[in-house]
Protein chains: 2
Amino acid sequence: MAETNRMSQAEKATISLRGLIMSGEYPAGSRLPEVALSERIGISRTPLRQAMDRLVTEGLLVRAASSGCRVARFDLDDINDAIELRGVIEGMAARLAAERGAEETLMAKAEAVLDAIDVALEPVSALDFTAYVRLNAEFHEMLGQLAGSPVIRREVDRITQLPLASPSSFLSDQLMGPEFAASLIRAQDHHRGILAAIAAREGSRAEALAREHARLAREKFDYLQHADPKLTRRVPGLALVTAE
Amino acid sequence: MAETNRMSQAEKATISLRGLIMSGEYPAGSRLPEVALSERIGISRTPLRQAMDRLVTEGLLVRAASSGCRVARFDLDDINDAIELRGVIEGMAARLAAERGAEETLMAKAEAVLDAIDVALEPVSALDFTAYVRLNAEFHEMLGQLAGSPVIRREVDRITQLPLASPSSFLSDQLMGPEFAASLIRAQDHHRGILAAIAAREGSRAEALAREHARLAREKFDYLQHADPKLTRRVPGLALVTAE
DNA sequence: GGCCTTTAACTTGTATACAATCACCCGTCA
DNA sequence: TGACGGGTGATTGTATACAAGTTAAAGGCC
């Protein structure tokens with residue numbers, strides 16, 4: 001959490017509140033009383049309300065008519081649709097990058113990120129998980145830039161940061177198992193394929209690969225569903241997903 | 001502008017401010033002093049700031065680091081990318097509707113809207129333009145619902161309401177000419193095709209058609225660019241687009 | 001005369017006070 | 001005993017006052 005000094009109260013409130021909700025502190029559907037919250041996180045109501053507005057646009061909260069906010073409720077379909085949506089957006093970014101041609105320096109940087117991921121995955125038995133999460137997020141961010149369009153980039157960033165659609169969602173070293181490690185390697189294969197398709201100006205292939213890549217998140221999520229229910233409390237956001 | 005009574009100050013401020021900006025009152029790149037604005041639209045700073053936050057997420061304003069908001073600046077590429085983005089999102093909605101199957105009552109309602117558009121376009125020489133704009137917006141809204149997913153619907157609504165990507169953008173009876181009327185008829189052909197593809201469960205075709213359909217907006221925009229420059233002042237939003 | 005520094009005014013960001021609305025509960029009347 | 005009405009409490013929405021930071025201008029010094 002870099003430099004909480006230079007952050008505005010509203011930003012701090014956003015992060016605190018998002019964390020509180022993702023951790024399941026406030027169960028899905030529960031109301032969020034403003035005064036109590038502002039006392040709890042030590043920030044006055046004005047920036048807190050800004051934060052709540054922000055989380056409403058993120059979809060984490062819903063604003064009931066003139067009666068404050070409630071924590072949103074998600075079911076399995078919502079998660080899958082959010083993942084599908086991310087795949088479509090990232091697919092568009094990859095396609096446009098291929099069709100229009102991506103800047104060489106950006107491509108080189110993206111390749112470097114992938115090389116670093118290879119390193120992080122190197123000792124399959126004891127891979128560097130936190131490094132992977134960081135680098136993976138970085139690659140997906142690069143994907144938004146490769147098309148060279150501020151509009152596209154902005155949209156990819158937005159989708160990518162949505163709590164339940166993010167490429168980092170439901171990633172947790174809690175579920176480190178052999179099959180999980182294997183899925184990380186498959187993901188890296190996808191990464192390479194997407195970049196290769198962009199370099200070869202194969203727009204359709206780049207788009208299809210990016211969509212397929214997003215679907216890996218589904219597998220991870222399905223795995224979570226059937227794994228130890230105790231994980232619900234340790235994997236951020238999982239507490240908001242109702243069994244349907 | 002239905003029932004400004006029951007609206008919160010923040011909503012009123014959003015509408016006023018959006019109107020002010022779209023009309024070109026504040027030129028692209030200019031700063032928006034909060035106090036002056038709040039006096040001008042007669043709403044205190046707190047809800048005004050909410051409105052500004054909202055317009056920032058819409059992309060109409062940009063927030064410079066600790067120095068308030070400026071009116072966003074758009075170029076031709078931004079417009080085209082926003083249109084492409086809408087095509088991709090609506091394409092996804094259409095594809096999912098086809099793949100998953102759309103509810104019959106919704107399909108019937110969508111067909112009814114298209115029938116009404118046919119009527120509005122009937123006398124080619126003197127078609128009912130305002131009715132067309134309303135019905136067109138309604139069809140695109142239905143498109144978001146046909147997939148039967150709240151997540152998808154939400155996203156289509158969001159994109160569809162973005163000022164510069166909306167299917168109603170740059171529609172103006174100012175530019176009523178024979179070629180323009182012809183493009184409305186082509187648009188209606190697309191509408192029919194999309195719905196037929198959904199009914200036939202042809203996801204890929206539905207997606208491709210929806211994408212192509214969005215591209216009609218490009219033609220309209222290109223036409224505007226080369227038309228009478230005086231239109232800049234009469235077509236909402238056009239004033240924000242710089243010549244690049 | 002030019003540049004740097006300091007100060008002052010303005011602008012945003014935050015906190016708090018106030019207003020209005022909503023919901024719930026209790027009491028009274030039919 | 002049940003239902004309706006009034007009132008009271010809490011909670012959100014709005015306005016305003018205050019603080020902090022930024023920018024611009026003016027004056028002094030080199």
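Note on naming: letters A, B, ... go to the chains in the order of the sequence lines (proteins, then strands), and numbering restarts at 1 for each one.
Under 4.0 angstrom from either OP1 or OP2 of C:dA15 there lies at least one side-chain N or O belonging to A:Ser44. Neither OP1 nor OP2 of C:dT12 sits under 4.0 Å from any side-chain N or O of B:Arg45.
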Would you check, one step at a time, whether the test side chain to side chain contact (heavy atoms under 4.5 Å, CB included) holds for B:Val151 with A:Asn80?
CA-CA 10 Å; B:Val151 171; A:Asn80 282 331; over 6 Å; no
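With DNA chain C read from its 5' end, the first of the two nearest nucleotides for A:Thr46 and B:Cys69 is the one closest to B:Cys69.
One atom, CD of A:Glu11, and another, P of C:dT12, lie 17 Å apart when rounded to the nearest Å. Atom pair B:Arg63:CZ and C:dT11:P shows a separation of 16 Å (rounding to whole Å applied). Distance B:Gln50 CD to C:dT14 P: 14 Å, rounded to the nearest Å. Put simply, CD1 on B:Ile43 is 15 Å from P on D:dG13, counting in whole angstrom units. Across the protein-nucleic acid pair, B:Arg70 atom CZ and D:dT23 atom P stand 10 Å apart, rounded to whole Å. Atom CE of B:Met7 and atom C1' of C:dT21 are 18 Å apart (whole Å). Between the C1' atom of C:dT12 and the CD atom of A:Gln9 lies a distance of 14 Å, rounded to the nearest Å. Rounded to an integer number of Å, the gap from CZ of B:Arg49 to C1' of D:dA15 is 14 Å.
Of the candidates D:dA15, C:dT14, D:dG13, D:dG13 carries the atom nearest the B:Ser8 side chain, counting heavy atoms from C-beta on.
Side-chain contact between A:Asp157 and A:Arg154 is absent, with no heavy atoms from C-beta onward closer than 4.5 Å. Contact of the B:Thr46 side chain with the B:Gln9 side chain is not registered, since no non-hydrogen atoms from C-beta on lie closer than 4.5 Å. The side-chain heavy atoms of A:Met7 and A:Ile15, taken from C-beta on, include a pair separated by under 4.5 Å.
Looking at residues 25-40 of chain A, you'll see A:Arg31, A:Leu32, A:Pro33, A:Glu34 sit with a heavy atom under 4.0 Å from some atom of DNA chain D.
Between A:His140 and A:His213, the angle of the ring planes stays under 30°, which puts this pair in the parallel group of the 30/60° scheme.
B:Arg54 CZ: 12 or fewer foreign heavy atoms inside a 6.0 Å radius.
Between A:Arg158 and B:Glu155 a salt bridge is recorded (basic side-chain N to carboxylate O distance below 4.0 Å).
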